[in-house]
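Throughout, a chain's letter reflects where its sequence line sits, starting with A, and its residues are numbered from 1. All figures in this text were calculated on a predicted structure; none of them were measured in a lab.
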Protein chains: 2
Amino acid sequence: MSGPDDAAAPALLPLYAQVKARLVSRIQSGDWKPGQLIPNEFALAGELGVSQGTVRKALGEMTAEQLLVRRQGRGTFVQRHTPESMLFRFFNFHDAAGQPIVPETLWVKVRKGIAKPAERTRLALEAGAVVVRISRVRGREGRPFDHEQIVVPQALFPGLADASEVPNTLYDHFQQFYGVTATGGEEKLDAVSAGEREAGLLDVAPGTPLLRLDRTMFSFDDKPIEWRLSVCALGGAHYSVRLG
Amino acid sequence: MSGPDDAAAPALLPLYAQVKARLVSRIQSGDWKPGQLIPNEFALAGELGVSQGTVRKALGEMTAEQLLVRRQGRGTFVQRHTPESMLFRFFNFHDAAGQPIVPETLWVKVRKGIAKPAERTRLALEAGAVVVRISRVRGREGRPFDHEQIVVPQALFPGLADASEVPNTLYDHFQQFYGVTATGGEEKLDAVSAGEREAGLLDVAPGTPLLRLDRTMFSFDDKPIEWRLSVCALGGAHYSVRLG
DNA sequence: CAGTGGTCTAGACCACCGT
DNA sequence: CGGTGGTCTAGACCACTGT
């Protein structure tokens, strides 16, 4: 309606980017919750004092980043993590036939402790910060597939270490119970030999080649929320990457 | 200018998608060559009988797919593969410090032959088709890093098998000399033990864990243009993946 | 300076959805 | 049917580039 500079926005960004930042912060703050229907384009445009096309551009970028889901005829919703959507996005293993692998948890142990230097670096924590460490073995069809060592800041997930059990899929649990949304991550892969301990956990012979994954997961503003070190006995399965 | 249905287009697609298809085909056919400046938005809009905004949407998608490069104040250009851009896009290895690895070719052998069943499947070839097989060892700082077995259809790259030497970076060479542009690919990773032959080629002990990559590369219309099987002795390096 | 892509607006019509 | 997102248009102004 009025003009390009309206409210208290000292930014030097395009209007649509400022609109996007405002909408993202509404999700980040919990003002808009996962699964919730948000106002339509015209309502947002009127409220923010910009045109509908500008709102559309902001919503389009947020949809591309998987923060929103738009459905013609229904409306725009905040993306809600489900076990299925999380596996599809962040679990890249497929079997020999190309079918996605759905892992089960075979064994899990949760501890609490003071963050070690390596953990502080990965999770951007201050000295003395408390972390929750989850060690678990996951499998497919009852056979062990990978051993994961997961570290998260306790401050983000209070009570996680004391819960009676840890859910099989973590990221949807993080979102639903702690309001922490995983938005992306970085993963580093290499190959290692199974030592005595991994061989026992994964039921393979010592020396078996394993795929090792070193993953850091981020939320909004690239804030680290999880560090995960996995070793996998693939047994005919593989890790899939799309190049583009 | 006129309306939504103008020329001979029996499609049931949005206008911008039809525009995009036409523009892609101009690149695919070689009408527009890599590095070339293409007409501006208004010229294309006038020529195709649509509005500038519609052309913009098509160009935007093509830019997102790395088919075009747009530079404010200069114009829109067909994306040109360079050794650097190809490494950045399709070579995901980084050293322990996180720096991208730039490989050299240490050893290479080129042969010609009739496609085997596995090769026919991967490259969608008919029985009796001729393929070129490239076997090479690449390294960093003179030390062997990976052994690649590359298979391409000879029909796409005539004379490649008879060339005096094979360039270190293939995809830019494919584009520049054969007009074949790699647009994307699929990669499957797993871990294996070094056998006698790989151990010798990569200068490691037999049994050393290696990262194996099985890659199929595609051009326009998802047409397969290359199958590549690599085994890598990482030695502190790693394969990087961005999750999102 | 002229030409290009980048942003922003205002309005129209269509396709789809639930009631 | 009314409401939503999806498409398409026409025009304006800005920011950047090279001459």
* To do: Pull out every residue in residues 53-69 of chain B that has a heavy atom closer than 4.0 Å to any atom of DNA chain C, ordered by number, or say none.
  => B:R56
* Would you mind reading off the distance between A:L13 atom CG and C:dG6 atom C1', rounded to a whole angstrom? => 14 Å
* To do: Apply side-chain contact (heavy atoms from CB on, under 4.5 Å) to A:D95 and list each qualifying residue two or more places apart in sequence or on a separate chain.
  => A:A97, A:Q99, A:I101, A:R140
* Asked: Can you list every salt bridge (charged side-chain N to carboxylate O under 4.0 Å, His left out) pair that touches residues 216-225 of chain A, not counting sequence neighbours?
  -> none
* **Options C:dT9, C:dT7, D:dC8, nucleotide nearest the side-chain atoms of B:L15** => D:dC8
* **Minimum-distance nucleotide (side-chain atoms of A:E41 versus D:dC8, D:dG5, C:dG5)** => D:dG5
* Looking at D:dT4, C:dT9, D:dG6, which one has an atom nearest to any side-chain atom of A:N40? -> D:dT4
* With sequence neighbours excluded, what pairs up with A:T105 under the side-chain contact (heavy atoms from CB on, under 4.5 Å) test? -> A:V108, A:R136, A:R138, A:N168
* To do: Only counting residues at least two apart or in another chain, list the ones meeting ring-ring contact (aromatic ring centres under 6.0 Å, His included) with B:F90.
  => B:Y171
* To do: Applying side chain to side chain contact (heavy atoms under 4.5 Å, CB included), run through A:V24 and A:M62 and close with a yes or a no.
  => CA-CA 8 Å; A:V24 168; A:M62 292 171 72; 3.8 Å; yes
* Just jot down the side-chain contact (heavy atoms from CB on, under 4.5 Å) partners of B:F42, sequence neighbours excluded, or say none. => B:N40, B:Q52
* Structure fact -> In whole angstroms, the gap separating P of D:dC8 from CZ of B:F42 amounts to 17 Å
* Interatomic distance, B:Q52 CD vs C:dT4 P [rounded to whole Å] -> 12 Å
* For B:R70 and C:dG6, is the shortest distance between a side-chain N/O and OP1 or OP2 below 4.0 Å? -> yes
* **Value in whole Å for how far the C1' atom of D:dC8 lies from CG of B:L44** => 17 Å
* Asked: Please, which pairs that meet salt bridge (charged side-chain N to carboxylate O under 4.0 Å, His left out) have at least one residue in residues 65-77 of chain A, sequence neighbours excluded?
  -> A:K20-A:E65, A:E41-A:R70
* May I ask you to check whether B:F145 and B:F93 place their ring centers less than 6.0 Å from one another? => yes
* Between residues 31-38 of chain A and DNA chain D, which residues have a heavy-atom gap below 4.0 Å? -> none
Extract from the structure each pairing of a protein N or O with an N or O of nucleotides 16-19 of chain C at less than 3.5 Å, listing the distance.
| from | atom 1 | to | atom 2 | distance (Å) |
| --- | --- | --- | --- | --- |
| C:dC16 | O4' | A:Q72 | OE1 | 3.2 |

* **Partner residues of B:W32 under the side-chain hydrogen bond (donor to acceptor under 3.5 Å, both in side chains) criterion, sequence neighbours left out** => none
* In whole Å, what is the span from the CZ atom of B:R71 to the C1' atom of D:dC16? -> 13 Å
* side-chain contact (heavy atoms from CB on, under 4.5 Å) partners of B:P83, counting only residues at least two apart -> B:T169, B:D172
Validation: residues 178-185 of chain A side-chain donor-acceptor distances under 3.5 Å, sequence neighbours left out:
| from | atom 1 | to | atom 2 | distance (Å) |
| --- | --- | --- | --- | --- |
| A:Y178 | OH | A:L160 | N | 3.4 |
| A:T181 | OG1 | A:Q175 | NE2 | 3.1 |
| A:T183 | OG1 | A:F218 | O | 3.3 |
| A:T183 | OG1 | A:S219 | O | 3.1 |

